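Some notes on the structure that comes next.
The structure displayed is predicted, hence computed values, not measured ones. Atoms within each ligand, like the ligands themselves, are counted from 1 in listed order.
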Amino acid sequence: MPHMPASHPIAAQPFAYRLPPGRTALVIIDMQRDFIEAGGFGAALGNDVSLLQSAIAPTQALLQAWRARGWPVVHTRESHAHDLHDCPPAKRDRGSPTLRIGDPGPMGRLLVRGEPGNAIIPALAPIAGEVVIDKPGKGAFYGTALHEALQVRGVTHLVLAGVTTEVCVQTTMREANDRGYDCLLVDEATQSYFPEFKAATLAMITAQGGIVGWVAPLAAVLQALPPAP
Ligand code: TIU
């Protein structure tokens, strides 16, 4: 890792977050067509997917900042194998969606790896050198090699973005916190189909002295980064 100037503390809740340059991964959770566009899994569950649009530009800003500094970037996709062997009946059979995981929809089979709808949205598409994790669960550590991928890169801190705040983002953040990562969630870069659930999640994360981690606005993060080389 080339020498990096120190970053300033980020004005975060519940207190300042210090980010080690080069050892902090940006983790973008499930910014997939399946959740953000019409005809995907999120819509099949009965949600208004337009609510997630506002997270795209702030996540792009973080992605640009990380790429400019050569810092590690991780993208995750909630996805299942073609034969659904990694989708337990408890997940596929839950509730009464209009289409279930694996059913054919307008963007291909819902939440199935390699289908058009399972791709990350073009605005945030991964580039060479970035880690892409296919995850069968809501948390990005369950059933994946994410922890190992972070360890070999010397990552100790995670800055999180993505959707949805109270489901895959919060589950991943809790898994990461238990594994010893210091985690910061960027307010504008995450979104939920339920605004009240997003607000409650941010409050839960930062309560009790940061029991799960930190939350900060985008501007506070960008302002605190050392200049790009
Ligand atoms: N339904 C919902 O809010 N979320 C998910 O099913 N997955 C993710 O959060 N990615």
Identify the protein atoms, limited to N or O, that lie within less than 3.5 Å of an N or O atom of ligand 1, and list each pair with its distance to 0.1 Å.
residue  : atom   : partner : partner atom : Å
ligand 1 : 3 (O)  : Thr164  : OG1          : 2.8
ligand 1 : 4 (N)  : Thr164  : OG1          : 3.4
ligand 1 : 6 (O)  : Lys138  : NZ           : 2.9
ligand 1 : 7 (N)  : Glu78   : OE1          : 2.9
ligand 1 : 9 (O)  : Thr164  : N            : 2.9
ligand 1 : 9 (O)  : Thr164  : OG1          : 3.1
ligand 1 : 9 (O)  : Cys168  : N            : 3.1
ligand 1 : 10 (N) : Asp30   : OD2          : 2.8
ligand 1 : 10 (N) : Val163  : O            : 3.2

- Message: Taking side-chain hydrogen bond (donor to acceptor under 3.5 Å, both in side chains) as the cut-off, I'd like each qualifying pair that reaches into residues 206-223, sequence neighbours left out, listed once.
- Response: none
- Query: If two hydrophobic side chains count as joined below 4.5 Å and joins carry through other members, does Leu160 share a cluster with Val131?
  - Reply: yes
- Task: List in chain and number order the residues that pass side-chain contact (heavy atoms from CB on, under 4.5 Å) with Pro136, two or more places apart in sequence or in another chain; answer none if no residue qualifies.
- Result: His80, Asp86, Tyr142, Thr144
- Message: Using modelled atom types and a 3.5 Å cut-off, is there a donor and acceptor pairing between side-chain atoms of Gln64 and backbone atoms of Ala61?
- Response: no
- Restricting to pairs with a member in residues 95-105, which pass side-chain hydrogen bond (donor to acceptor under 3.5 Å, both in side chains), not counting sequence neighbours? none
- Query: Any side-chain donor paired with an acceptor under 3.5 Å for Thr165 and Thr190?
  - Reply: yes
